2 protein chains.
Amino acid sequence: MDLSRCSLNSITVRSLRLPELVDTAVAHGIPAIAPWRDIIDDLGAAKAAQVIRDAGLRVSSLCRGGMFTAEDAAARRAALDDNRRAIEQAHELGAAVLVLVCGPVVGRDPAGSREMIFDGISAIVDDARAANVPLGIEPLHPMMIADRSVITTLGEATTLAERVGDDIVGVVVDAYHVWWDVAIEHEITRAGKRILGFHVSDWVVPIIGQLSSRGLMGDGHIDLPRMRASVTAAGYDGDVEVEILSDSLWSRDPQEVVRSVRERFVTHV
Amino acid sequence: MDLSRCSLNSITVRSLRLPELVDTAVAHGIPAIAPWRDIIDDLGAAKAAQVIRDAGLRVSSLCRGGMFTAEDAAARRAALDDNRRAIEQAHELGAAVLVLVCGPVVGRDPAGSREMIFDGISAIVDDARAANVPLGIEPLHPMMIADRSVITTLGEATTLAERVGDDIVGVVVDAYHVWWDVAIEHEITRAGKRILGFHVSDWVVPIIGQLSSRGLMGDGHIDLPRMRASVTAAGYDGDVEVEILSDSLWSRDPQEVVRSVRERFVTHV
């Protein structure tokens with residue numbers, strides 16, 4: 001697809017701090033960025049928002065809130081406080097969505113962990129509503145259940161959003177995390193207008209570490225144009241984020257990486 | 001659980017050839033084994049069956065048939081031939097089930113790959129019926145979709161078995177592959193009497209390579225007694241295989257590994 005809805009997620013070029021990320025997006029004709037919070041915290045949200053606004057860029061998402069699971073109540077309360085700070089930052093940045101990564105399994109108890117997540121989202125939904133910051137539950141690949149997210153399928157994320165019962169809560173579809181699912185097209189259709197974000201990268205093997213083995217679009221096994229068509233048919237018309245956690249890309253010159261991202265976005269998404 | 005239904009999968013102690021595996025199981029009071037085909041091919045199935053029978057052991061499964069997916073028709077035909085040989089071997093060994101590992105995704109097309117698998121199983125079901133060898137579709141973890149199996153959930157495996165429509169086809173539940181699934185308890189119940197095998201190991205992180213990062217029961221995040229209870233309640237009363245693909249265990253003395261397996265089976269399954 002053309003670049004008019006392309007967003008550059010900061011982790012794809014993680015050596016860049018926010019001003020460099022902004023300059024890079026502008027230089028390459030990419031109209032949106034998706035910062036992780038570390039590069040916002042560098043400057044503070046107000047100053048960061050100013051830098052982004054001055055460059056005329058959109059913020060497709062802020063990554064991330066969530067991480068509601070913990071063994072003890074104090075840690076779960078601290079997570080709520082952190083989520084409220086994230087909502088404030090997302091508001092300041094005008095982010096289209098605050099991504100929620102929904103915490104690893106605790107105590108050999110996926111079901112109990114999922115209840116913690118429901119409780120956590122329910123506790124911050126009024127804050128999100130007040131700040132007009134949509135919350136996007138992003139299911140992660142099942143290989144990350146013990147490290148990052150006990151929410152592992154789009155169907156599960158949609159059901160959770162429905163259960164919370166406020167339209168400020170939706171889902172984020174990251175192709176890398178959900179493409180393997182036999183029900184993915186059905187679940188994209190079911191999620192419909194709850195889809196608040198769409199992320200692309202590619203599935204390449206071997207997996208060297210769960211987190212940072214992703215590939216550039218076109219290098220792997222995912223039929224991205226097909227998934228893009230499904231997400232579009234479901235009603236999503238927001239930005240499409242390129243979010244590639246990759247030891248291989250991280251070792252390359254970021255400007256060269258963004259040239260590849262740009263090219264692959266046009267040819268393989 | 002006690003050892004009366006314990007089976008030692010050969011890959012757990014992969015340096016042992018069949019006669020050593022048999023001696024090891026007997027020495028440790030384990031009443032069943034589950035050989036991979038490499039150690040059967042060493043001796044030939046008839047001789048292997050004799051060695052196992054003479055020791056008074058059961059064969060809980062033969063690993064593996066399947067791998068029906070391929071770009072070209074000739075390779076898919078070769079897979080059918082190989083599956084027929086596997087059925088003969090399983091018959092000779094008196095294996096309770098022939099495990100089907102259902103091939104990686106081909107051509108960025110999971111749906112098309114799944115049709116190849118349906119066609120493949122359908123093509124061998126009469127052979128299985130004639131030899132009285134049950135076929136067990138084993139869903140593998142979604143991180144293996146591009147390497148080993150495009151069947152990634154128990155629900156999908158059960159639906160596929162139902163679609164083939166012969167009771168000689170069922171499913172195999174491997175805790176490592178399916179524990180992450182929000183619907184796992186429902187799907188175990190739904191699979192019911194179609195469950196032809198139950199495998200245990202544990203999910204430990206980090207994942208160092210998709211294939212061989214498994215842990216001993218009790219070392220990871222899976223609530224194995226709970227899953228064992230679910231599988232039992234669903235009607236499965238066959239052997240419980242310890243199948244641990246682990247670079248760490250493979251580097252240890254196999255007799256010491258089996259002592260640990262035995263102990264953990266009693267305390268953590």
Side-chain angles (χ1 to χ4, degrees), chain A residues 104-114 117 139-160 175-186 202-213 215 218-227 268, chain B residues 104-114 117 139-160 175-186 202-213 215 218-227 268:
Chain A
V105 68
V106 165
R108 288 187 189 144
D109 184 10
S113 305
R114 289 174 179 124
I117 293 163
L140 300 197
H141 193 282
M143 72 181 165
M144 300 181 188
I145 185 170
D147 310 84
R148 304 215 148 215
S149 174
V150 72
I151 306 295
T152 61
T153 67
L154 181 59
E156 187 182 352
T158 301
T159 299
L160 176 58
Y176 187 84
H177 291 305
V178 300
W179 75 283
W180 56 269
D181 186 346
V182 68
I184 188 59
E185 301 214 347
H186 166 75
D202 213 337
W203 183 270
V204 293
V205 289
I207 305 296
I208 303 165
Q210 299 111 290
L211 189 60
S212 52
S213 287
D219 281 350
H221 291 83
I222 310 177
D223 187 342
L224 290 166
R226 184 181 176 120
M227 194 177 294
H268 284 86
Chain B
V105 69
V106 165
R108 288 187 188 144
D109 184 9
S113 305
R114 290 172 179 124
I117 293 164
L140 301 197
H141 193 282
M143 71 182 165
M144 301 181 188
I145 185 170
D147 308 85
R148 304 213 149 216
S149 175
V150 72
I151 306 295
T152 61
T153 66
L154 181 58
E156 187 183 353
T158 300
T159 298
L160 176 57
Y176 187 84
H177 292 303
V178 300
W179 76 283
W180 55 270
D181 186 345
V182 68
I184 188 58
E185 301 214 347
H186 166 75
D202 213 336
W203 183 270
V204 294
V205 288
I207 304 297
I208 303 165
Q210 299 112 289
L211 189 61
S212 52
S213 287
D219 281 350
H221 291 83
I222 310 176
D223 187 342
L224 290 167
R226 184 181 176 121
M227 193 176 296
H268 285 86

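Chain A is the first sequence line, chain B the second, and so forth, proteins listed ahead of strands; every chain is numbered from 1. Fair warning: this is a prediction, and the values are worked out from it, not measured in the lab.
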For this session: Check whether B:P110 gets within reach of chain A through its side chain, its backbone, both or neither, counting any heavy atom under 4.5 Å.
Result: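 For B:P110, the side chain is the part near chain A, not the backbone.
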Exercise. Knowing that exactly one of A:T152, A:V178, A:T158 qualifies, which makes a side chain to side chain contact (heavy atoms under 4.5 Å, CB included) with A:P139?
Worked result: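 Among A:T152, A:V178, A:T158, the one that satisfies the side chain to side chain contact (heavy atoms under 4.5 Å, CB included) with A:P139 is A:V178.
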Could you check which of [options] has the highest count of heavy-atom pairs closer than 4.5 Å to chain B?
options	value
A:D147, A:V106, A:I208	A:D147
A:I145, A:V182, A:V150, A:T153	A:V182
A:G107, A:P206, A:G220	A:G220

Exercise. Around A:R108, counting heavy atoms of other residues, nucleotides and ligands shown, do more than 12 lie under 6.0 Å from its CZ?
Worked result: yes
For this session: Identify the heavy atoms of B:R114 and A:D181 that sit nearest to each other, and give their distance.
Result: NH2-C, 4.2 Å
For this session: Tell me whether the centres of the aromatic rings in B:H141 and A:W180 are closer together than 6.0 Å.
Result: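 They do not qualify: ring centres at least 6.0 Å apart.
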Exercise. Side chain to side chain contact (heavy atoms under 4.5 Å, CB included) between A:I151 and A:I117: does it pass, once the steps are laid out?
Worked result: CA-CA 9 Å; A:I151 306 295; A:I117 293 163; 4.1 Å; yes
For this session: Against chain A, work out which of B:R226, B:E185, B:H221 has the most heavy-atom pairs shorter than 4.5 Å and name it.
Result: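 Most heavy-atom pairs under 4.5 Å with chain A: B:H221.
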